[in-house]
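Below: one structure, written as structure tokens.
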Amino acid sequence: ILISKLLRGYPSLVGGRPAKPYYNIMKDILTGIKWESFKKFLLSRYSKSHALACYRYSRKYIHFLDNPRELETFSKAKKCNVMKALAVLCKYVGCYEYWKELLKQYNIKWETQNSFESFLRIYRNTNRSNVFNWLKQIQRILSDKEKLLIKLILFTGMRRVEGFNCYNLLVKLGRENRVNEYFNFEKSTLEHFKYQDIFIRKTKNLFISIINEELINEIINSEYVSFHAIRRKLERRHIPVRFSELRDFYGSYMIKHITREELDLLCGRLSGSIFPMHYFSPSFEDLKSRVLNAPEMMKNEITSQNISI
């Protein structure tokens with residue numbers, strides 16, 4: 001109650017930091033955090049990798065809640081990640097307004113990629129050649145089941161975590177003769193929305209993936225795959241992990257065959273704007289036809305580079 005009263009205004013903020021009485025209260029709150037409970041809270045709301053990163057940053061940089069000036073010495077990416085972690089921590093303990101006011105007093109702003117940086121990323125883009133070279137490198141290193149996983153991600157544009165979850169779920173359901181609960185054979189669609197605890201998250205979602213039945217049959221007759229096993233194989237040969245670039249490649253390729261709204265639907269990025277929420281109603285049969293046709297053309301282009309897939 002005392003904290004909420006103090007948060008209603010900020011008469012105690014002077015000289016770029018909270019006045020002593022308020023700071024002492026904050027110090028008592030933050031030193032009394034039950035870190036294991038906070039960790040469980042993060043894991044219940046975010047993906048495991050993001051939750052653990054947020055947890056580590058929160059513990060390492062909690063002293064920034066006294067003086068956040070050192071944030072300005074970090075790279076843009078690290079600064080953003082630390083600020084996000086501390087914002088989640090403050091929301092967890094109920095002092096988010098304090099954190100916002102502290103940043104304001106120190107004139108520390110959230111930074112995002114500006115238009116010039118976006119232009120340079122597009123102009124200097126080498127994603128296409130990077131993906132082709134990477135596929136060439138890994139085809140002699142990965143097992144058949146691991147290459148099948150790469151194919152699934154390449155042809156659906158799933159994020160890495162989504163791709164592994166989808167693949168292993170298909171293997172599991174295949175062994176239990178329950179694939180039809182996940183894959184709609186009539187619509188050639190993986191219905192991720194039926195497994196909300198896996199694919200529907202706070203910020204990153206995956207609703208459906210339209211994919212050829214032939215690939216599904218290959219997967220359900222395969223074995224489970226592990227990201228750590230693939231990463232170890234690549235690291236031993238000093239080959240980078242490029243799963244995120246597969247998603248970039250998919251998006252850049254598919255936009256030539258489907259509309260932006262359709263691509264957003266397949267990538268789980270439906271916005272809250274008026275058009276997609278109330279007026280966007282594509283013909284699913286037409287969408288399915290175009291989406292299934294595009295990976296075949298993508299496959300032909302890849303195999304023309306002497307890459308087996």
Side-chain angles (χ1 to χ4, degrees), residues 47-49 126-176 178-179 182-183 185 188-192 195 198-199 206 208-254 256-257 263 266-268 291-309:
S47 67
K48 184 177 180 181
S49 58
T126 57
N127 176 266
R128 189 184 191 83
S129 59
N130 285 343
V131 168
F132 284 173
N133 291 334
W134 188 69
L135 291 173
K136 282 182 181 178
Q137 289 177 303
I138 66 173
Q139 64 181 340
R140 297 187 302 274
I141 298 170
L142 301 185
S143 64
D144 288 342
K145 65 179 183 180
E146 291 166 339
K147 286 188 280 189
L148 203 54
L149 177 277
I150 300 297
K151 192 173 178 180
L152 173 68
I153 294 178
L154 182 65
F155 287 171
T156 60
M158 294 183 196
R159 302 173 183 89
R160 173 179 62 82
V161 173
E162 295 165 347
F164 278 88
N165 286 340
C166 172
Y167 188 100
N168 289 327
L169 179 57
L170 281 170
V171 173
K172 176 179 181 294
L173 294 176
R175 293 178 177 183
E176 299 171 357
R178 296 167 49 214
V179 177
Y182 185 21
F183 184 70
F185 287 87
S188 299
T189 300
L190 284 164
E191 297 177 331
H192 309 297
Y195 299 87
I198 301 175
F199 298 106
L206 186 64
I208 59 171
S209 293
I210 299 174
I211 190 168
N212 195 297
E213 183 180 330
E214 181 182 348
L215 180 56
I216 297 297
N217 289 329
E218 289 184 70
I219 293 173
I220 62 178
N221 291 303
S222 183
E223 302 289 332
Y224 293 113
V225 292
S226 163
F227 169 65
H228 300 293
I230 294 176
R231 185 175 63 182
R232 284 196 297 270
K233 286 182 181 181
L234 298 181
E235 285 179 345
R236 282 198 297 267
R237 295 165 178 81
H238 307 289
I239 298 174
V241 178
R242 297 189 181 277
F243 286 106
S244 61
E245 293 182 43
L246 295 181
R247 181 173 169 85
D248 292 346
F249 181 81
Y250 173 84
S252 299
Y253 193 91
M254 292 299 292
K256 296 183 289 186
H257 303 277
L263 181 60
L266 295 176
C267 292
V291 171
L292 289 178
N293 189 44
E296 287 302 314
M297 291 188 283
M298 185 193 299
K299 182 179 178 180
N300 292 336
E301 186 173 341
I302 293 172
T303 53
S304 69
Q305 303 292 320
N306 298 317
I307 302 170
S308 175
I309 189 168

Return the minimal non-hydrogen interatomic distance between [X] and [Y], and the atom names on each side.
X: S143; Y: K233; value: N-NZ, 3.9 Å
X: R247; Y: G157; value: NH1-O, 2.5 Å
X: M298; Y: Y253; value: N-OH, 3.2 Å
X: I216; Y: I211; value: CD1-CG2, 3.7 Å

K172 vs R178, test: side chain to side chain contact (heavy atoms under 4.5 Å, CB included). Steps then yes/no. CA-CA 9 Å; K172 176 179 181 294; R178 296 167 49 214; 4.0 Å; yes
Taking the six-membered ring for Trp, is the centroid-to-centroid distance between Y182 and Y195 below 6.0 Å? yes
Can the ring centres of F164 and F243 be said to be less than 6.0 Å apart?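 Ring-ring flag for F164/F243: true, centres closer than 6.0 Å.
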Within a strict 4.5 Å, meaning less than it, do heavy atoms of the L148 and L215 side chains meet? yes
For a 4.5 angstrom cut-off between non-hydrogen side-chain atoms, does N293 reach H257?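 They are not in contact (no side-chain heavy atoms under 4.5 Å apart), so the answer is no.
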Any carboxylate oxygen within less than 4.0 angstrom of a Lys/Arg side-chain nitrogen, looking at E223 and R175?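 Yes, charged N to carboxylate O under 4.0 Å.
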Ion pair check, E235 and R232, cut-off under 4.0 Å: no
Does a sphere of radius 6.0 Å around CZ in R140 hold more than 12 heavy atoms from other residues, nucleotides or ligands, not counting ones at 6.0 Å or beyond? no
